[in-house]
Amino acid sequence: MKRSLCLLLALVTVLFLPACSGRQAKSPPPQAVLGTYLCTAMQMDQVPMTPGKKWLKLSDQWKMSLFLSEEPDEGTWRLDGTAITLTMGGETVGTGTLKDDTITLDMMGMTYTFMKDGSEALARQQVTQQEKAGTSVFSCYGDLYTVRYPSDRFHQDPAGLSDLYSDDGVKGWVTKLDSQERVDKWLAGFDEKASHPDYQNYETGDLTVAGYPACSIVYQDDDGWHSEVLVQFGSDLGTETYPMFAAYLYFTGGSQEAVWNPTIQGIVTSLQLTSPEP
């Protein structure tokens with residue numbers, strides 16, 4: 001009799017544990033974390049990129065929607081303490097943390113930061129961005145890429161004679177090269193200036209801009225001083241309407257210091273690729 005009672009208790013335990021486990025797995029997510037999170041930052045290989053209008057929505061019943069490019073993708077999410085996991089089609093697509101209304105995720109070789117819409121964390125982030133005193137953004141060809149410039153020194157030219165100009169006579173152009181052939185032609189032109197008699201005080205340098213190799217040249221001719229920078233992407237990073245194989249920046253002014261100084265170098269290195277908006 002005693003042995004039968006032990007067997008019965010063991011059977012009840014075996015049947016009870018899966019039931020408990022099932023109820024635990026189906027427990028609702030914390031209501032405080034549900035909502036839409038807006039992407040405020042993204043990086044690839046520690047290189048900052050423009051977040052665009054990406055977002056992540058955490059819904060009840062552990063369902064989620066993720067918008068990164070053309071249309072939202074549906075999946076599920078899991079939260080263990082502060083550790084968050086995103087799943088699509090039965091496969092893990094992102095892991096990270098959720099803390100203080102901020103989600104940091106590693107997904108597909110990228111690091112994303114999302115902040116909850118309407119939260120104090122997002123409000124503080126927006127204030128910080130607004131307090132980047134004296135800087136404005138210039139966008140190239142349908143927002144293919146952007147550069148930041150100090151608005152207390154440079155201004156956008158409404159007449160279109162140049163993209164940027166300063167009160168001391170410096171003018172700048174920000175554009176793109178739409179084929180590999182044009183990239184090769186521009187680089188050949190850089191080399192030709194090195195030995196051409198019409199160009200003096202020629203200097204060249206190698207840079208890394210937004211994670212891509214770049215070449216800079218500075219020289220003087222009868223029209224003044226000039227600096228040119230070509231950032232090579234190695235492939236078409238544009239759109240069907242605006243192909244883009246390289247970014248090209250050019251400044252001209254009255255002295256070497258005017259066209260290649262920390263301010264202009266800062267404009268060049270501020271270049272960020274911009275994800276096409278849906």
Side-chain angles (χ1 to χ4, degrees), residues 21-130 137 139-146 210-212 233 235-242 244 271-278:
S21 178
R23 285 196 297 271
Q24 184 178 9
K26 295 180 181 178
S27 61
Q31 293 295 307
V33 303
L34 301 184
T36 300
Y37 293 73
L38 307 179
C39 185
T40 59
M42 56 184 290
Q43 290 186 341
M44 180 174 65
D45 296 330
Q46 298 184 338
V47 177
M49 302 182 72
T50 304
K53 294 185 177 181
K54 300 171 176 57
W55 50 262
L56 169 64
K57 184 177 181 180
L58 303 183
S59 303
D60 211 347
Q61 299 181 354
W62 302 102
K63 295 182 179 179
M64 68 92 178
S65 299
L66 177 64
F67 179 82
L68 295 181
S69 55
E70 297 181 353
E71 60 183 20
D73 293 308
E74 308 297 327
T76 59
W77 62 289
R78 185 175 72 251
L79 188 65
D80 298 314
T82 61
I84 186 171
T85 303
L86 306 186
T87 303
M88 293 181 188
E91 295 185 1
T92 298
V93 296
T95 58
T97 60
L98 193 167
K99 185 178 181 181
D100 299 330
D101 293 325
T102 300
I103 299 175
T104 302
L105 283 173
D106 290 325
M107 293 190 296
M108 299 166 282
M110 305 282 291
T111 301
Y112 295 84
T113 300
F114 295 87
M115 292 186 174
K116 191 175 184 181
D117 193 14
S119 68
E120 292 185 6
L122 181 60
R124 289 194 299 268
Q125 171 80 359
Q126 292 171 339
V127 169
T128 299
Q129 292 175 342
Q130 292 171 359
V137 173
S139 299
C140 174
Y141 285 91
D143 289 337
L144 289 181
Y145 67 83
T146 64
Y212 294 92
F233 301 129
S235 60
D236 185 2
L237 298 187
T239 64
E240 183 176 353
T241 305
Y242 297 122
M244 178 177 67
L271 184 149
Q272 290 186 340
L273 299 180
T274 307
S275 301
E277 297 181 358

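If you take CG on Leu144 and CG on Leu273, they are separated by 9.0 Å, rounding to the nearest 0.5 Å. Ile84 contributes atom CD1, which lies 8.5 Å from atom CE of Met64 (distance to the nearest 0.5 angstrom). In this structure, the separation between CG on Leu68 and SG on Cys39 is 8.0 Å, given to the nearest 0.5 Å. Rounded to the nearest 0.5 Å, atoms NZ (Lys57) and CZ (Phe67) are 14.0 Å apart. The CG atom of Leu58 lies 10.0 Å from the CG atom of Leu66; values are rounded to the nearest 0.5 Å.
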Listing, residues 101-123 side-chain donor-acceptor contacts under 3.5 Å, not counting sequence neighbours, or none:
residue, atom, partner, partner atom, Å
Thr102, OG1, Asp100, O, 3.4
Asp106, OD1, Thr111, OG1, 3.1
Lys116, NZ, Ala32, O, 2.6
Lys116, NZ, Leu34, O, 3.0
Ser119, OG, Lys116, O, 2.7
Ser119, OG, Leu122, N, 3.2

Could you go through residues 85-99 and list every donor-acceptor pair under 3.5 Å that involves a side-chain atom there, pairing it with any protein atom two or more places apart or in another chain?
none

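Residues that satisfy the side-chain hydrogen bond (donor to acceptor under 3.5 Å, both in side chains) test with Ser65, not counting sequence neighbours, are Glu74. Residues that satisfy the salt bridge (Lys or Arg N to Asp or Glu O under 4.0 Å) test with Asp60, not counting sequence neighbours, are absent from this structure.
The two residues Pro29 and Ser59 come nearest to each other via the heavy atoms CG-O, 4.2 Å.
Residues in residues 75-84 take part in these salt bridge (charged side-chain N to carboxylate O under 4.0 Å, His left out) pairs, two or more places apart or across chains: Arg78-Asp80. Residue pairs meeting the ring-ring contact (aromatic ring centres under 6.0 Å, His included) criterion with at least one member in residues 68-96, sequence neighbours excluded, are Trp62-Trp77.
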